[in-house]
Number of protein chains: 2
Amino acid sequence: MMEDRGTFDNLPHKTIARLSQYRRALLLCLSRGKSHIFSHEIASIQHITPVQVRRDLMLIGYSGTLRKGYNIKELINLIGNIIDSEEGIKVAIVGMGNLGRALINYFSGKRHKLSIIAGFDTNPDKIGNTMNGVPCYSATRMREIIEKEGIQIAIITVPAENASQTANELVAAGIKGLLNYTPKPIDVPEYVYLEEYDMITTLEKVAFYVKMKTLEEENITTI
Amino acid sequence: MMEDRGTFDNLPHKTIARLSQYRRALLLCLSRGKSHIFSHEIASIQHITPVQVRRDLMLIGYSGTLRKGYNIKELINLIGNIIDSEEGIKVAIVGMGNLGRALINYFSGKRHKLSIIAGFDTNPDKIGNTMNGVPCYSATRMREIIEKEGIQIAIITVPAENASQTANELVAAGIKGLLNYTPKPIDVPEYVYLEEYDMITTLEKVAFYVKMKTLEEENITTI
DNA sequence: AAATAATTGTTAATAAAATAACATTGTTAT
DNA sequence: ATAACAATGTTATTTTATTAACAATTATTT
Ligand SMILES: NC(=O)c1ccc[n+]([C@@H]2O[C@H](COP(=O)([O-])OP(=O)(O)OC[C@H]3O[C@@H](n4cnc5c(N)ncnc54)[C@H](O)[C@@H]3O)[C@@H](O)[C@H]2O)c1
Ligand SMILES: NC(=O)c1ccc[n+]([C@@H]2O[C@H](COP(=O)([O-])OP(=O)(O)OC[C@H]3O[C@@H](n4cnc5c(N)ncnc54)[C@H](O)[C@@H]3O)[C@@H](O)[C@H]2O)c1
């Protein structure tokens, strides 16, 4: 017999990202005592169109009411059913440097179905410390701890030159998802989900469009 | 008379991001003494297809040679001409907390056409300090410093609740591009280029696909 | 010298994502 | 009652991005 949970496997990637953002907006509204919300309200909090919101909600099969909009609690729960794992997912951070520490501070306690429970480093000064309740283990114990704790996701924030090796070790340890903040792209087998993000690329992109806007202005004024 | 520089204004957004990544890969290869490179080599460093690389290079009008591939130096220069501003672009970081400091450490000296030259904060303990050569000014002086130094891009790393106000002030100060790392989406006029990135959304996306992979496996084994 | 192989550059096809169009449906006002 | 309105939900269209197909070129091998 088919589970209903399995029907969300072909949602567009962008929709998944937006669902997470919708939920954040919804939680905010809920905390302010609202019970219902219209598509155009969600849309204006994030900056997208109401049509996009309705289309996404259609895809996850949620219906609002015509004059009240969407029930905030219901929608939060539905998004939770889609995104979250029932049992919760454990996350590790590898590389407890500037970025790793910033992330731990930031994430801690934000989502109860998704929690960072371990950090790893090679620096003896860091091993054994605890940061915001997250213990820092020796990187040599990665496999052991990941298996013991059932950690499924790792965030890589080691120096770029160690990224590939770290990724390999994590894959060998049985990790299911990787989030790589290193500028060095890594390769993983297809059964591991990989997301990469490079801040310099993003900044360079901003710089490019700023340059373009400037050139446009110059053209307008010089013609 | 039309400048040739103006012809890159309808490159796909994704292509811009990849050009930045290609350049990183090219710089690495150059530093290792390579002079030429094939599309499949670039492709394997990033993880995309050779076709994608060739298509992007076609869009920017660069031609390689059939048996040697692309001239690394030439290509680096061309990408620089497209992405970089001749005069360089100055960047400020607003919010010298964990993330702001991590970014300053990370960026400093990475790109000479794009440099972080100022930080801003409201915390008196931070104002007046210097971090990696970047001075931290009082947030009350944002407009003054931005105008005086000709800062065009700002990275927002203040607490989420102050994001909108900070963005407004930056726009009023004449900023051209914003990179918002706060989970609070901000609104800017259309003449300001805005890029937003939320790490929790990314992590939740990874979690979703990990969950999906797990469910798939279960289905395979239980059928 | 002909065949082969490897690579580029470009066009064509496909896929993914966003936007627009619009029918439908309750609610309110007249 | 009925018209006007303001929402939703869905289908159709358009735009953007990726992938595939393949002709053209040149070095190398036979
Ligand atoms: N700092 C940022 O804002 C920022 C932004 C984007 C990307 N990054 C990238 O993130 C990574 C980390 O940046 P950072 O600023 O935190 O650097 P960092 O030097 O402060 O931290 C790196 C940490 O990793 C540890 N480490 C080294 N090798 C390791 C290994 N094999 N296993 C486990 N731990 C190991 C080091 O001991 C150190 O604590 C770098 O690759 C950097 O390019 C940083
Ligand atoms: N730390 C992370 O890894 C991380 C990751 C993703 C997003 N973020 C977001 O980035 C922002 C900063 O995170 P953080 O961990 O660095 O927080 P933080 O509290 O360490 O730093 C915030 C800094 O901003 C300063 N500040 C407050 N109001 C200001 C204002 N109006 N103008 C200028 N400066 C002001 C504070 O004094 C502080 O130094 C938050 O919105 C957070 O949600 C952080």
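Predicted model, so just to flag it, every value in this text is computed and none were measured. Each chain gets a letter, A, B and so on, in the order its sequence line appears, and its residues count up from 1. Because only heavy atoms are used, hydrogens play no part in the values below, and waters and symmetry mates are left out as well, while side chains stay in.
- Two rings, from B/Y197 and A/Y197, have their centers less than 6.0 Å apart.
- Taking 4.0 angstrom as the limit, A/S63 places none of its side-chain polar atoms (N or O) nearer than this to OP1 or OP2 of D/dT8.
- Side-chain contact check for A/Y22 and A/D56: at least one donor-acceptor pair (N or O, by modelled atom type) lies under 3.5 Å.
- The interatomic distance linking A/I48 (CD1) with C/dT19 (P) rounds to 9 Å, in whole Å.
- Counting non-hydrogen atoms under 4.0 angstrom, B/S39 reaches the backbone sugars and phosphates but no base.
- The CG atom of B/N71 sits 13 Å away from the P atom of C/dT8 (whole-angstrom rounding).
- Checking D/dT10, D/dA17, C/dT8 against every side-chain atom of B/F38, the shortest atom distance belongs to C/dT8.
- Atom CZ of A/R54 and atom P of C/dC22 are 15 Å apart (whole Å).
- Atom CD1 in B/I37 sits about 14 Å away from atom C1' in C/dT7, given to the nearest Å.
- Residue whose closest nucleotide on DNA chain C sits further toward the 5' end, between A/V51 and B/L57: B/L57.
- For B/H36 and D/dA27, the NE2 to P distance is 13 Å, given to the nearest whole Å.
- The distance between atom CD of B/Q52 and atom P of C/dG9, rounded to the nearest whole Å, is 15 Å.
- At a cut-off of 3.5 Å, with distance as the only test, no side-chain donor of B/T214 or A/K176 sits close to an acceptor on the other residue.
- Straight-line distance from the CG atom of B/L59 to the C1' atom of D/dT16: 12 Å, rounded to whole Å.
- At a threshold of 4.0 Å, the pair A/D84-A/R23 counts as salt-bridged, since one of the basic side-chain nitrogens sits closer than that to a carboxylate oxygen.
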- Message: Checking A/I79 against A/L26 for the side chain to side chain contact (heavy atoms under 4.5 Å, CB included) test, could you report, in this order, the C-alpha distance in whole Å, the side-chain angles of both residues, the deciding distance, and whether it holds?
- Response: CA-CA 10 Å; A/I79 294 177; A/L26 293 168; 4.0 Å; yes
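- Interface remark: the B/R55 side chain does form a donor-acceptor pair with the D/dT19 base, using a distance-only criterion of under 3.5 Å.
- Atom P of nucleotide C/dT28 and atom CZ of A/R67 are separated by 6 Å, given to the nearest angstrom.
- Comparing A/R18 and A/L66, the nucleotide of DNA chain C nearest to each residue sits closer to the 5' end for A/R18.
- Using a 4.0 Å cut-off, some side-chain N or O of A/K14 falls inside it from OP1 or OP2 of C/dA18.
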